[in-house]
Each structure stands twice: as structure tokens, then as C-alpha cells.
Amino acid sequence: MFCLSELEDTVRVPPDLLNGPLEDAITTVLQKLFLDKVLSIGLCVSIYDIRSVEGGFVLPGDGAATYKVGFRIVVFRPFVGEVIAAKFKESDSNGLRLTLGFFEDVYVPAPLIPTPNRCEPDPYNRNQMRWVWIFEGDEYIIDDSCQIKFRVENISYPPVPIERAEDAKPFAPMVVNGTIDDDGLGPVSWWEACAPIGNDED
């Protein structure tokens, strides 16, 4: 789910940051540039370390110093088939939306929810729908009562729209689609009563 990626970039450090340690100043600038940004390699969640610093040139008329910096970042980049534990965020007739805390664009489309099921108005939140899985006559509600395990089906990086409607949802530069339609997936409470079958002891 997480990996280290090594990058190199030209970093402009403003004068007000040059009073302290250089590495701290460069880290502050890198955080503003990359933290919570989606790159072609995934979502940057942290600056891990500084590997190299070269330069320190000051351009005429500019009090900032420019450095060529090699650094490593921690990237959120799930792979297809990976099972991840998330929390419920919201649901509607299209499916579920889950959150990892630092990343909230995880979706489980309706066709990837276990069947038979039904989608009904949430009696506790009139602005939301809720999903119910029906299994052997019992009903299992999908809500925020516990963690939800999903398996990654695909990751997409939608292009930035040129025009957006006023009522459009916030643009998501990275979207993870998953499924809970398999054994061991879905709310963890569904499987807590299932114990492994072993050999009986004499």
C-alpha cells in the first residue's frame, strides 16, 4: 500500500527559511510542493528524507536560494488485488464511499456489494441511503459501526476537467475502486463469529 519513491527537483528556498538548518528549510518547501498531491506514482503522504543537496545559487534580484535536491517520499500506491481495511464514510444508490483517513476517494460500486442486497433510506440519516446484505434470512447492515475490508479492483487518475458544474463534487485526482463481494470482505463484524476449522483433539 505504501512505498518509497526517489525524486529529484529544483527547489527555491525563500530568505525567511534560510536562518535555520538548510535541510529543515528544504523539507518545509518540499512539503508545500508535494504533500497530499497526486503524482503519476501515487499520492504523496510524507517526505521521508533528503538524499542530496547541490547548488545554493541566488539569482540576481531574488533573495531566495535555489538548490537541486534529491529526496525520497512515502507514496500511497495500492496494487490491484490488495486487501485494505477502511472506514465507512457515506453511501447512496451507486454504492459505498470509504475512507482511509488520509485518503477518502475509495468507492465500492453497487455491483460489487454482496447479493442479494437492497438499498434503502437510512432511518438515522434522511440524506443518505444504506445498503443491507441478506444472507440465509439474516440482514447485515453496512454502516460505520466497524472497519470494512475491501479488495482493490482498479486505480484511476482522472484528467482535470476543463469546466465543472457548480453542483459538481470536488475533483478527485486519484480514485480507488474496490469490492466487498467475497469471503472475508466487508464489515469485519460479518466474519467475527467464523472460527477456523481444525482437527478435534483427542
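For the single chain, residues carry numbers from 1 onward in sequence order. Values below: all heavy atoms of this structure, side chains included; hydrogens, waters and symmetry mates excluded.
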>> Any carboxylate oxygen within less than 4.0 angstrom of a Lys/Arg side-chain nitrogen, looking at Glu139 and Arg118?
In response: yes
> What distance do Glu6 atom CD and Asp49 atom CG have between them, rounded to the nearest 0.5 Å?
Replying inline: 8.0 Å
> Do Glu153 and Val80 have side chains that get closer than 4.5 Å, going by heavy atoms?
Replying inline: no
> Can you hop from Phe150 to Tyr107 via hydrophobic side chains spaced under 4.5 Å?
Replying inline: no
> For Lys87, does the NZ atom sit with more than 12 other heavy atoms under 6.0 Å from it, leaving out its own atoms?
Replying inline: no
>> Please determine whether side chain to side chain contact (heavy atoms under 4.5 Å, CB included) holds for the pair Val75 and Leu39, giving the CA-CA distance in whole Å, both sets of side-chain angles, and the decisive distance to 0.1 Å.
In response: CA-CA 9 Å; Val75 175; Leu39 312 176; 5.7 Å; no
>> Is it the case that the side chain of Thr179 and the backbone of Arg151 share a donor-acceptor pair, with hydrogens and angles ignored and the cut-off at 3.5 Å?
In response: no
> Can you check side chain to side chain donor-acceptor pair (under 3.5 Å) on Asp143 and Ser145, steps first, answer last?
Replying inline: CA-CA 6 Å; Asp143 56 20; Ser145 61; 2.7 Å; yes
> How about Tyr67 and Phe57: are their ring centres within less than 6.0 Å of each other?
Replying inline: no
> Would you say the side chain of Asn117 lies within less than 4.5 Å of the side chain of Val132, judging by non-hydrogen atoms?
Replying inline: no
>> Just so I know, are the side chains of Arg130 and Ile142 near enough to count as touching, which here means a heavy-atom distance under 4.5 Å?
In response: no
>> Please find the pair of heavy atoms, one from Pro14 and one from Ala64, that lie closest to each other, and give the distance.
In response: CA-CB, 3.9 Å
> Hey, what do you get for CD (Glu8) to CZ (Arg72), rounding to the nearest 0.5 Å?
Replying inline: 14.5 Å
>> Quick check: is Leu33 connected to Leu18 through a chain of hydrophobic side chains (ILVMFWY, heavy atoms under 4.5 Å apart)?
In response: yes
>> Using side chain to side chain contact (heavy atoms under 4.5 Å, CB included), reason through Ile180 and Ile148 one step at a time and then give a plain yes or no.
In response: CA-CA 8 Å; Ile180 61 171; Ile148 297 175; 4.1 Å; yes
> Are any of the side-chain heavy atoms of Thr10 and Thr66 separated by less than 4.5 Å?
Replying inline: yes
> Going by the angle between their ring planes, with limits at 30° and 60°, are Phe102 and Phe76 parallel, tilted or perpendicular?
Replying inline: perpendicular
>> How close do Ile41 and Tyr157 get, counting heavy atoms only, and between which atoms?
In response: C-OH, 4.5 Å
> With hydrophobic residues grouped by side-chain heavy-atom distances under 4.5 Å, do Tyr140 and Met129 end up in a single group?
Replying inline: no
> Which atom pair, heavy atoms only, marks the closest approach of Ala86 to Leu100?
Replying inline: CB-CD2, 3.6 Å
>> Please give me the minimum heavy-atom distance between Gly178 and Leu112, naming the atom from each residue.
In response: O-CD1, 3.4 Å
>> Let's go through Val45 and Leu35 carefully: what are the C-alpha distance in whole Å and the side-chain angles of both, what is the deciding distance for side chain to side chain contact (heavy atoms under 4.5 Å, CB included) to 0.1 Å, and is it a yes or a no?
In response: CA-CA 6 Å; Val45 296; Leu35 205 60; 5.6 Å; no
> To the nearest 0.5 Å, what is the distance between CG (Asn154) and OG (Ser156)?
Replying inline: 6.0 Å
>> Quick one, Pro78 and Val176 - any side-chain contact, counting heavy atoms below 4.5 Å?
In response: yes
>> To the closest 0.5 Å, what do you measure between NZ (Lys32) and CD1 (Ile47)?
In response: 13.0 Å
> Mind checking whether Asp182 and Leu185 have side chains closer than 4.5 Å, heavy atoms only?
Replying inline: yes
>> Is there a continuous path of hydrophobic side-chain contacts, each under 4.5 Å between heavy atoms, that joins Trp190 to Phe135?
In response: yes
> Taking the side chain as C-beta and beyond, is there a heavy-atom pair between Phe88 and Leu96 under 4.5 Å?
Replying inline: yes
> Looking at Pro158 and Val175, what are the two nearest heavy atoms and their distance?
Replying inline: CG-CG2, 4.2 Å
> For the atom pair CG (Asp36) and CZ (Phe103), what is the distance rounded to the nearest 0.5 Å?
Replying inline: 11.0 Å
>> Test of understanding: clusters of I, L, V, M, F, W, Y form through side-chain heavy atoms closer than 4.5 Å, transitively. Do Phe34 and Val38 belong to the same one?
In response: no
> Does the salt bridge (charged side-chain N to carboxylate O under 4.0 Å, His left out) test come out yes or no for Asp62 and Arg12, once each step is laid out?
Replying inline: CA-CA 10 Å; Asp62 187 0; Arg12 179 183 178 275; 3.0 Å; yes
>> Minimum heavy-atom separation for Pro187 and Cys146, please, with both atom names.
In response: CB-SG, 3.7 Å
> Under 3.5 Å, is there a donor-acceptor pair between the side chain of Trp131 and the main chain of Asp92?
Replying inline: yes
> Could Asp105 and Arg97 be called an ion pair, given the rule that one side-chain N must be under 4.0 Å from one carboxylate O?
Replying inline: yes
>> Distance check, rounded to the nearest 0.5 Å: Ser93 atom OG versus Glu120 atom CD?
In response: 13.5 Å
>> Working note: Val69 + Asp9, criterion side chain to side chain contact (heavy atoms under 4.5 Å, CB included); need CA distance, chi angles, decisive distance, verdict.
In response: CA-CA 6 Å; Val69 182; Asp9 198 9; 5.9 Å; no
> Is there a side-chain contact between Val13 and Val11, using heavy atoms and a 4.5 Å cut-off?
Replying inline: yes
> Can Phe71 and Tyr48 be said to form a ring-ring contact (aromatic ring centres under 6.0 Å, His included), step by step?
Replying inline: CA-CA 8 Å; Phe71 58 98; Tyr48 187 74; over 10 Å; no
>> Has Gln128 got a side-chain atom pairing as donor or acceptor with Asn125's backbone, closer than 3.5 angstrom?
In response: no
